[in-house]
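What follows is a single structure, written as structure tokens, with notes after it.
Chain naming here is simple, since letters A, B, ... match the order of the sequence lines and numbering starts at 1 in each. Computation of the quantities below employed the complete heavy-atom set of this structure, encompassing side-chain atoms and omitting hydrogens, waters and symmetry-equivalent molecules.
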Protein chains: 2
Amino acid sequence: MSRTAVSAKDVAELAGVSRAAVSRCFTPGASISPETRARIVKAAEQLGYQVNRLASGLIRNETGLVALIVSDMATPYRSHLLAALTEAVQQAGKVALLIKTDRSDGSAEQALRQAISYRTDAAIFLSGMPARSLAETCMRNGMRLVLINRDEDRPGALQVRLHDAEAGRRAVAVLRAAGCRRLALASSGVGTHSISERERGFREAATAAGIDWIEERFGSTSYQTGQDLGMALLSRRDRPDGVFCATDLLACGVMDVARWRLGIRVPDELSLIGYDNIAQAGWDSYGLTTFSQPVDEMAAKSVEWLSAMAANDDGDDGAGTARAEILFMPRLVLRGSVAQGFVPGVGR
Amino acid sequence: MSRTAVSAKDVAELAGVSRAAVSRCFTPGASISPETRARIVKAAEQLGYQVNRLASGLIRNETGLVALIVSDMATPYRSHLLAALTEAVQQAGKVALLIKTDRSDGSAEQALRQAISYRTDAAIFLSGMPARSLAETCMRNGMRLVLINRDEDRPGALQVRLHDAEAGRRAVAVLRAAGCRRLALASSGVGTHSISERERGFREAATAAGIDWIEERFGSTSYQTGQDLGMALLSRRDRPDGVFCATDLLACGVMDVARWRLGIRVPDELSLIGYDNIAQAGWDSYGLTTFSQPVDEMAAKSVEWLSAMAANDDGDDGAGTARAEILFMPRLVLRGSVAQGFVPGVGR
DNA sequence: CTGAAAGCGCTTACAG
DNA sequence: CTGAAAGCGCTTACAG
């Protein structure tokens, strides 16, 4: 009853070859004769041998591990993005190390340190942001960094982001085209870059159009906050008839308060637009007009970049301070939560 | 521009001690003088040293890695369970290796092989089930197995499950007490053990009460399937007035079809009960009466068991074929989706 | 194509 | 308490 798994030595003995041969058998492109390979494969199967990635990672300086660093992972949007990334990582033959963070100070640093201790080939941040110095240490050591929807820049890291301001602008255009007279902006108080950008776009467009609007911003990006925002915005005398919510979760909360607590009909009396296109936005109860993030594509491109950088490493000496950024355009998804009217085409 | 992170050797040199001393400094309980420790800690901080868990895992035969094996991870219930497990794993000082499976053949095996190749200390299955022989190999090698809501038994593994049949029985009691005359069971066709148990409990109780019921079972456990089930059940002439759905996602679909497509009022004309208590069940649009799984507790207990087993290892020689099982009772959460009536207390 | 040998970064008896 | 040495399971020049 050995406490330790079968090793290359066991396989080598059974197959009557050297340990080096066993290693070559499982190293793509290594020189080995078909016959020895066959013998080794057979022995390996018989013994249930799996190459020890810890040992190989140690020596090859490539673990096949990619850290996924995230908070609020049970949330619809985050879990969707997380699933897409996990899938992409696995498709690339790697495996995901999942590290949960929270809003506490140093949480992102601690997560990144965990990643370092396992020598992950890369770390992908879905939330939070590591201090510049630590990030630099990582990259100097050959770890790749991907920042998804993160505000600050980290030279050498890949930034994957969306044109959020444009979404805010389009929201105004859609609401106006629907005939809304009094607009509102409902947002959380987290002050994330991508959320601030959505707000900025909204304000810009509203200002440019010379129309008035009100706004409420507080709380986290939750359904509950959405309800509170809805209450605050919709129980006023001069209540708005068109609201852009910074996320779908907020929009669901606003819509539910409107319908079930204040008796306001959607979209007849209130048009609503969200952002993220979570699954619930497509459910019959919501039918929410929203902006969709190309989550699968974002995940695929991130992992593609990782592989490209790894290939690069063989060549140059890792100057790699080039600014890498991929910008996606959120796609408007029209559903029933916005009153009928002329819907503007693409662009402004 | 070294491609490799700082090692214990670097720290030892800077601190003027041996590499062994550095190792002891970061090994809890190792004998080291306060002065050397202080020197080493300082040097380590200065250099940004992180113990290489790959190397230590190799030698200590304990990687600190726990594999979480799951499918449909973006689903509300799964993502919640996944988050709870990740949290629990981190609380215990370990880190989660996330492996996504699908319904294809051998997917669970492949996932487990990945776990083996990284020598994870344990693997927790949230979905799927590895072949008996592979599971045994794992456990012989000291890897712990936890099966959450899985049907089959794997000697030596921890089974974490819920008393699903009881939930089915209670659902019938609640619907009858609400005055429902014609019951229905809406379930997916996946035939998972836990879902079959919910069905079994429902049928048993309905039979025992001598009342009639209809049922529909097909598709996956999705909102979409819920809509289809709702259409099938509720467009009949003799449509039911009380439906137990095997999951909340199904229930949401059924409710939406009832309300928005068939104009059936909930709960006046139709009482609905789900299972899982996903976040959406608590949203105003649904207010779904359902059964809650104690997800956090399930996660905590699973990880606790892992730690206990690890402690055990030092002592005995890993006979460990004892049957380990933890059974939780789903908790009824009453909301507005069931018509008012006498609500039975605990038990039948 | 193949094997013996060195080495990745660590831990852990073993002496002192 | 401390260091020198052996060894975890692998990969990879280096000879042959």
Is there a side chain to side chain contact (heavy atoms under 4.5 Å, CB included) between A:Leu158 and A:Glu325? Walk through the geometry before answering. CA-CA 6 Å; A:Leu158 171 66; A:Glu325 181 169 6; 5.7 Å; no
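Rounded to an integer number of Å, the gap from B:Arg119 CZ to D:dC10 C1' is 10 Å. Rounded to whole angstrom, the span from the CZ atom of B:Arg60 across to the P atom of C:dG9 amounts to 19 Å. Nucleotide D:dG9 holds its C1' atom 15 Å from the OH atom of B:Tyr118, rounded to whole Å. Going from atom CZ of B:Arg53 over to atom P of D:dG9 covers 18 Å, rounded to whole Å. Separating the CD1 atom of B:Ile59 from the P atom of D:dG7 is a distance of 11 Å, rounded to the nearest angstrom. Atom CG of B:Leu54 and atom C1' of C:dG7 are 16 Å apart (whole Å). Between A:Asp10 atom CG and D:dC8 atom P there is a gap of 11 Å when expressed in whole angstrom units. Going from atom CD1 of A:Ile40 over to atom C1' of C:dG3 covers 12 Å, rounded to whole Å.
Salt-bridge annotation for A:Glu152 and A:Arg150: absent, with no side-chain N of the basic residue lying under 4.0 Å from a carboxylate O of the acidic one. With respect to B:Lys301 and B:Asp296, no salt bridge is recorded, no charged nitrogen being found less than 4.0 Å from a carboxylate O. Taking the charged nitrogens against the carboxylate oxygens, A:Glu13 and A:Arg19 have no contact shorter than 4.0 Å, which rules out a salt bridge.
Side-chain contact, A:Asp102 with A:Ser71: no donor N or O sits under 3.5 Å from an acceptor N or O.
When both pairing distances are held under 3.5 Å, D:dA13 makes no Watson-Crick or G-U pair with any nucleotide shown.
Under 4.0 angstrom from either OP1 or OP2 of C:dC10 there lies at least one side-chain N or O belonging to B:Tyr49. For the OP1/OP2 pair of D:dC1 and a distance below 4.0 Å, the side-chain nitrogens and oxygens of B:Thr36 include no atom meeting the criterion. Phosphate proximity of C:dT2 to A:Ser33: present, with a side-chain N or O under 4.0 Å from OP1 or OP2.
Two residues are said to be in side-chain contact when any heavy atoms from C-beta on lie closer than 4.5 Å; A:Gln114 and A:Ser117 meet this criterion. A heavy-atom distance below 4.5 Å is found between the side chains of B:Leu54 and B:Asn52.
Heavy atoms of B:Ser56 sit under 4.0 angstrom from primed sugar atoms or phosphate atoms, though from no base atom.
Along DNA chain D, the nucleotide nearest B:Arg37 and the nucleotide nearest B:Leu58 are compared for position; the residue whose nucleotide lies closer to the 5' end is B:Arg37.
Within residues 16-29 of chain A, the residues approaching DNA chain C are A:Val17, A:Ser18, A:Ala20, A:Ala21, A:Arg24, by heavy-atom distance under 4.0 Å.
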